[in-house]
Amino acid sequence: MKNKFFILVILFQTVDLALSTPKKYESIFNFGDSLSDTGNLLLSGALVFPVIGQLPYGETFFQHATGRCSDGRLIIDFIAEAFSLPYLQPYLAVKQGQSSQHGVNFAFSGATALDAEFFFQRNMGSILWTNNSLNVQLGWFRKLKSDICSDNESCDDFFKKSLFLVGEIGGNDYNYAFFLGGSIKQLQSMVPSVVGAIANATSALIEEGAVELMVPGNFPIGCSAVYLTLFESPKKEDYDRHGCLKAFNGFAKYHNNQLKQALDTLRQKYPHARIFYADYYGAAMRYVHAPLHHGFYGGTLKACCGGGGPYNFNISARCGHPGSEACKDPSVYSNWDGIHLTEAAYRHIALALINGSSSHPPLISSPLSD
């Protein structure tokens, strides 16, 4: 009965999302990492994370693996739906001849905001999944630009009707460093560089003609199954009342505050552009604070798909690997594989961005004409 109620709520939310959103954007360009990659890593042939090319990844909506690091759709998919646009083609598919008329997804799983050189200089290069950083993705966009529009006037006309999403990105910069033993104090010194890379990319896109840009912050990583498993503490005071690690959530908020300040500076520099801050942290904490209200009867800290342990995350039996198993109903979990979220969680976050409760300013208040 609870599941039926949840399905009805989701149906109403989906209708609500579509009805409340003006049909204005004609294309979307997305940059980021595995939170929004719709197939680039898979198409690249990289073997670093081959399980995303097989079930249970993709089982919920597509019923087959698509290269998305989830059981179904991602935030970017729901945003495309809300504006009556097709799902974004990954850049590597566009290179093979797919249309870029409605935009392109440059996001690449494992990508960092900082260039790979930063990590190799600090003896962290061996852990990188990919060298396709935010700068590399910008390079892809510039290569493709001449196929989209031929001169400044046509580019300006095309891009003023486009939404650019710059992230979420930067999470992997911190993940790699934390997983190699870096302390929170040490990583705080990285934040200005990471935020600077995101701000520079946003600025570069505006210079290329973008006028509507959404820049997401980081998620509450202290509530993530991978962090809860790897950094488990015997001290009760290290956890908040919802079971999340306070110090790591504090670090995510530190990054987000720095990012918001950087975006304020960009707004002053480019008054003609609309730069939205997407509060992924706040949107996620809403269902962490009230999981049952959002239909997450399986909880918000434990992964749906994994190989056991208190949070169902086992580094030696990750989702899709031997020894792991997916839950029967991912819609009642917010965490999919210990690192990434379920379609149900991404839907809640996307709705919060569209209706403005987690987007500053609200996405639907944009003055862009139909």
Side-chain angles (χ1 to χ4, degrees), residues 30-37 106-142 164-208 210 213-222 224 226-227 230-231 245 247-270 273 275-281 339:
N30 182 73
F31 304 80
D33 55 25
S34 59
L35 298 179
S36 60
D37 183 355
F106 301 97
F108 202 100
S109 297
T112 52
L114 297 170
D115 290 337
E117 181 184 8
F118 175 92
F119 298 92
F120 281 103
Q121 287 176 347
R122 290 158 180 80
N123 298 316
M124 294 191 289
S126 61
I127 198 175
L128 292 181
W129 281 16
T130 177
N131 293 342
N132 294 323
S133 65
L134 185 52
N135 258 338
V136 172
Q137 294 173 34
L138 277 174
W140 292 345
F141 169 75
R142 291 187 176 111
F164 287 75
L165 280 92
V166 189
E168 187 277 336
I169 189 129
N172 285 325
D173 299 67
Y174 305 134
N175 289 342
Y176 294 138
F178 275 132
F179 298 164
L180 286 174
S183 69
I184 288 176
K185 186 174 181 180
Q186 287 173 326
L187 264 70
Q188 281 181 335
S189 66
M190 279 179 64
V191 173
S193 297
V194 172
V195 168
I198 298 168
N200 288 341
T202 305
S203 176
L205 288 169
I206 296 172
E207 297 287 350
E208 294 284 353
L213 307 97
M214 175 169 276
V215 185
N218 204 350
F219 279 108
I221 57 175
S224 174
V226 61
Y227 275 83
L230 296 180
F231 303 105
L245 286 163
F248 287 100
N249 276 356
F251 177 82
K253 286 193 283 189
Y254 180 78
H255 164 88
N256 293 343
N257 287 334
Q258 296 285 316
L259 179 60
K260 284 187 278 188
Q261 290 176 26
L263 297 184
D264 283 340
T265 301
L266 288 179
R267 291 186 186 105
Q268 293 172 15
K269 183 177 180 181
Y270 301 105
I275 303 171
F276 308 90
Y277 172 70
D279 183 12
Y280 281 12
Y281 186 101
I339 301 170

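These numbers come from the heavy atoms of this one structure, side chains and all, not from hydrogens, waters or symmetry mates. We number each residue from 1, following the sequence as shown.
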Short side-chain to backbone donor-acceptor contact, Gln137 and Gly32, under 3.5 Å
yes
Of the non-hydrogen atoms in Gly167 and Asn30, which two are nearest, and what is the gap between them?
O-OD1, 4.0 Å
With rounding to the nearest 0.5 Å, note down the distance linking CG in Leu187 to OH in Tyr254.
11.0 Å
CA sep, side-chain torsions, deciding dist, call: Arg267, Tyr277, side chain to side chain contact (heavy atoms under 4.5 Å, CB included)
CA-CA 11 Å; Arg267 291 186 186 105; Tyr277 172 70; 4.1 Å; yes
If you take all heavy atoms of Asn172 and Ala111, which pair is closest and at what distance?
ND2-O, 2.9 Å
Side chains of Asp115 and Ser133: donor-acceptor distance under 3.5 Å anywhere?
yes
From Leu180 CG over to Arg122 CZ, what is the distance, rounded to the nearest 0.5 angstrom?
13.5 Å
By ring-ring contact (aromatic ring centres under 6.0 Å, His included), which residues pair with Phe251, not counting sequence neighbours?
Tyr174, Phe178
Phe118 side chain near Thr112 side chain, heavy-atom distance below 4.5 Å
no
Spatial distance of atom CD1 (Ile339) from atom CD1 (Ile221) [nearest 0.5 Å]
12.5 Å
With Tyr176, which residues qualify under side chain to side chain donor-acceptor pair (under 3.5 Å), at least two apart?
none
Any side-chain to backbone donor/acceptor pair from Asn257 onto Lys253? Under 3.5 Å, distance only.
yes
Could you grab the distance from atom CD1 of Ile169 to atom OG of Ser36, nearest 0.5 Å is fine?
7.5 Å
Spacing of CD belonging to Gln261 relative to CD belonging to Gln258, to within rounding of 0.5 Å
5.0 Å
Minimum heavy-atom distance Asn256-Asn218, with the two atoms named:
OD1-N, 2.6 Å
Pairs flagged by salt bridge (charged side-chain N to carboxylate O under 4.0 Å, His left out) wherever residues 166-178 is involved - sequence neighbours left out:
none
How about Phe106 and Asn132: do any of their side-chain heavy atoms sit closer than 4.5 Å?
no
Strictly distance-based, threshold 3.5 Å: is any side-chain N or O of Ser189 a donor or acceptor partner for the main-chain N or O of Lys185?
no
When you look at Ile275 and Val215, which way does the side chain to side chain contact (heavy atoms under 4.5 Å, CB included) test go after all the steps?
CA-CA 7 Å; Ile275 303 171; Val215 185; 4.3 Å; yes
For the CG atom of Asp279 and the CZ atom of Phe219, what is their distance to the nearest 0.5 Å?
10.0 Å
Under the ring-ring contact (aromatic ring centres under 6.0 Å, His included) test, which residues partner Phe179, sequence neighbours left out?
Tyr227
Over 12 foreign heavy atoms within 6.0 Å of CD, Gln188:
yes
Without placing hydrogens or testing angles, list every side-chain donor-acceptor pair under 3.5 Å for residues 194-206, not counting sequence neighbours.
residue, atom, partner, partner atom, Å
Asn200, ND2, Gly196, O, 3.2
Thr202, OG1, Ile198, O, 2.8
Ser203, OG, Tyr270, OH, 2.7

Where Met214 and Pro216 come nearest, the two heavy atoms and their spacing:
O-CD, 3.6 Å
Inter- and intrachain pairs under salt bridge (charged side-chain N to carboxylate O under 4.0 Å, His left out), touching residues 128-142, at least two apart:
Arg142-Glu208
Any heavy-atom pair between the side chains of Ser193 and Leu114 that's under 4.5 Å?
yes
Would you say the side chain of Ile127 lies within less than 4.5 Å of the side chain of Phe119, judging by non-hydrogen atoms?
no
